[in-house]
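Working notes for the structure below.
Just so we're on the same page: letters track the sequence lines, and every chain starts at 1.
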Amino acid sequence: MRLATWNVNSIRARVDRIVDFAVREHIDVLAMQEIKCKSEQFPFDRFEEAGFHVEAYGFSQWNGVAIASREPLTNVRTAFPGMPGFEKGHNGPDAPQEARAIGATIGGVEVWSLYVPNGRSLGDPHYFYKLDWLSALSQYTSDSLAGNPDLALALVGDFNIAPTDADNGDPAVVPGFSTHVSPPEREAFAALEAAGLQDVVRPLIPTGYTYWDYKRLKFPRNEGMRIDFILGSHAVSEAVTGATIHRNERKGEAPSDHVPVVVDLDLEGPDDDDRPMIF
DNA sequence: ATGCCTTGGTCACCAAGA
């Protein structure tokens, strides 16, 4: 299985290049974030013509997530248990949930396309919402893996955290003043790893960014950030055979400000047992 | 430590992104 994640920054503004990429790169599962449309506005036809099933979840011009897959998606969910909401500057258990998570089981893998809240600024209600949201995600991860340690679980998407200083190449993002690099955010990312997940791209691609701001020639200057990740449980991480960060997708006409991150998985399954042994 | 881009909605600006 070739699994990809991409914050597309509006699916309708660039559906051509996204479908072209998925076909050209033989993507089996494409998790998308920031589709920026309602579910019913998603260009399903374009993906279906190219041989994909799609589940999309959005209800305004903000946020929105989707998964396109060559194989059918089962057990589709539009929030993980305990996922907090946010509304008009306050968070809490009473606030409505946003369209930031969609999960499905595909080829034996539980895949979640996640758009972690931005945080806006240190101390903003949105910042505490971000930390609460990540805490609930860690809890869901540890609960799931406690129930089934062999579960193939992949949390992929835009985590809006640069886990190390080397992941922040943007001088406008200043430790002590900016979100994405604060200790509590980095601790929230570490908590996901402590819950049983591994960044499966990092061992193969130790450095490099996945996002460059549109403003001020950030891409030509290579002042980007690594904030998009593929986190996998043990069953996923041991199946990884390759990874690519498609930096070229930041070039050309009307790019997203993020690029796709891709892993190849050689998963154990019933098909393997049925396959004849040939030497 | 921000104005700069880019998108979408609503009606010439504004919110939001990170």
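In this structure, A:His53 has no ring-ring contact (aromatic ring centres under 6.0 Å, His included) partners at least two apart in sequence or on a different chain. Partners of A:Phe21 under the ring-ring contact (aromatic ring centres under 6.0 Å, His included) rule, at least two apart in sequence or in another chain, are A:Trp6, A:His246. Residues that satisfy the ring-ring contact (aromatic ring centres under 6.0 Å, His included) test with A:Phe59, not counting sequence neighbours, are A:Tyr57.
If you take atom C1' in B:dA1 and the same atom in B:dA12, they sit 29 Å apart, rounded to whole Å.
Remark: A:Lys215 does not engage A:Asp257 in a salt bridge, criterion side-chain N to carboxylate O under 4.0 Å. Here A:Asp167 pairs with A:Arg202 in a salt bridge; the nearest charged N to carboxylate O distance falls below 4.0 Å.
If you measure from atom CD of A:Gln61 to atom C1' of B:dC13, you get 14 Å, rounded to the nearest angstrom. Counting to the nearest Å, the C1' atom of B:dA1 and the CE atom of A:Met225 are 14 Å from each other. Here B:dA1 presents its P atom at 12 Å from CG of A:Leu122, a figure rounded to the nearest Å. Rounded to an integer number of Å, the gap from CD1 of A:Ile35 to P of B:dG8 is 12 Å. What separates CG of A:Asp124 from C1' of B:dA1 is a distance of 15 Å, to the nearest Å. Atom CD1 of A:Ile161 and atom C1' of B:dG17 are 16 Å apart (whole Å).
Between A:Arg14 and B:dT6 there is no side-chain N or O to OP1 or OP2 distance below 4.0 Å. Proximity of A:Ser60 to the phosphate of B:dG8: no side-chain N or O atom is located under 4.0 Å from OP1 or OP2. Taking side-chain N and O atoms only, A:Arg12 has no distance below 4.0 Å to OP1 or OP2 of B:dT6.
For the residue pair A:Ser256/A:Glu249, the side-chain donor-acceptor check at 3.5 Å is not satisfied.
Heavy-atom nearest nucleotides on DNA chain B were determined for A:Val174 and for A:Ala254, and the one closer to the 5' end corresponds to A:Val174. Residues A:Asp257 and A:Ala13 both approach DNA chain B. Their nearest nucleotides, taken by heavy-atom distance, put A:Ala13 toward the 5′ side.
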Check: Could you walk me through whether A:Phe80 and A:Trp133 pass the ring pair (Phe, Tyr, Trp, His ring centres under 6.0 Å) check?
Finding: CA-CA 10 Å; A:Phe80 52 85; A:Trp133 201 94; 5.0 Å; yes

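Heavy-atom neighbours of A:Glu48 CD from other residues, nucleotides or ligands within 6.0 Å: above the threshold of 12.
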Please write out the pairs of protein N or O atoms and N or O atoms of nucleotides 3-5 of chain B separated by less than 3.5 Å, giving the distance to one decimal.
unit_1: B:dC4; atom_1: O2; unit_2: A:Arg216; atom_2: NE; d: 3.0

Give me, pair by pair, the N or O atoms of the protein and of nucleotides 14-16 of chain B that are less than 3.5 Å apart, along with how far apart they are.
none

Using atom types as modelled, flag every donor-acceptor pair under 3.5 Å from a side chain in residues 224-234 of chain A to any protein atom, sequence neighbours excluded.
unit_1: A:Arg226; atom_1: NE; unit_2: A:Gly208; atom_2: O; d: 3.0
unit_1: A:Arg226; atom_1: NH1; unit_2: A:Ile205; atom_2: O; d: 3.3
unit_1: A:Arg226; atom_1: NH2; unit_2: A:Ile205; atom_2: O; d: 2.7
unit_1: A:Arg226; atom_1: NH2; unit_2: A:Thr207; atom_2: O; d: 3.2
unit_1: A:Asp228; atom_1: OD1; unit_2: A:His258; atom_2: ND1; d: 3.2
unit_1: A:Asp228; atom_1: OD2; unit_2: A:Thr210; atom_2: OG1; d: 2.6
unit_1: A:Asp228; atom_1: OD2; unit_2: A:His258; atom_2: ND1; d: 2.9
unit_1: A:Ser233; atom_1: OG; unit_2: A:Leu151; atom_2: O; d: 2.6
unit_1: A:Ser233; atom_1: OG; unit_2: A:Leu153; atom_2: N; d: 3.0
unit_1: A:His234; atom_1: NE2; unit_2: A:Glu238; atom_2: OE1; d: 3.2

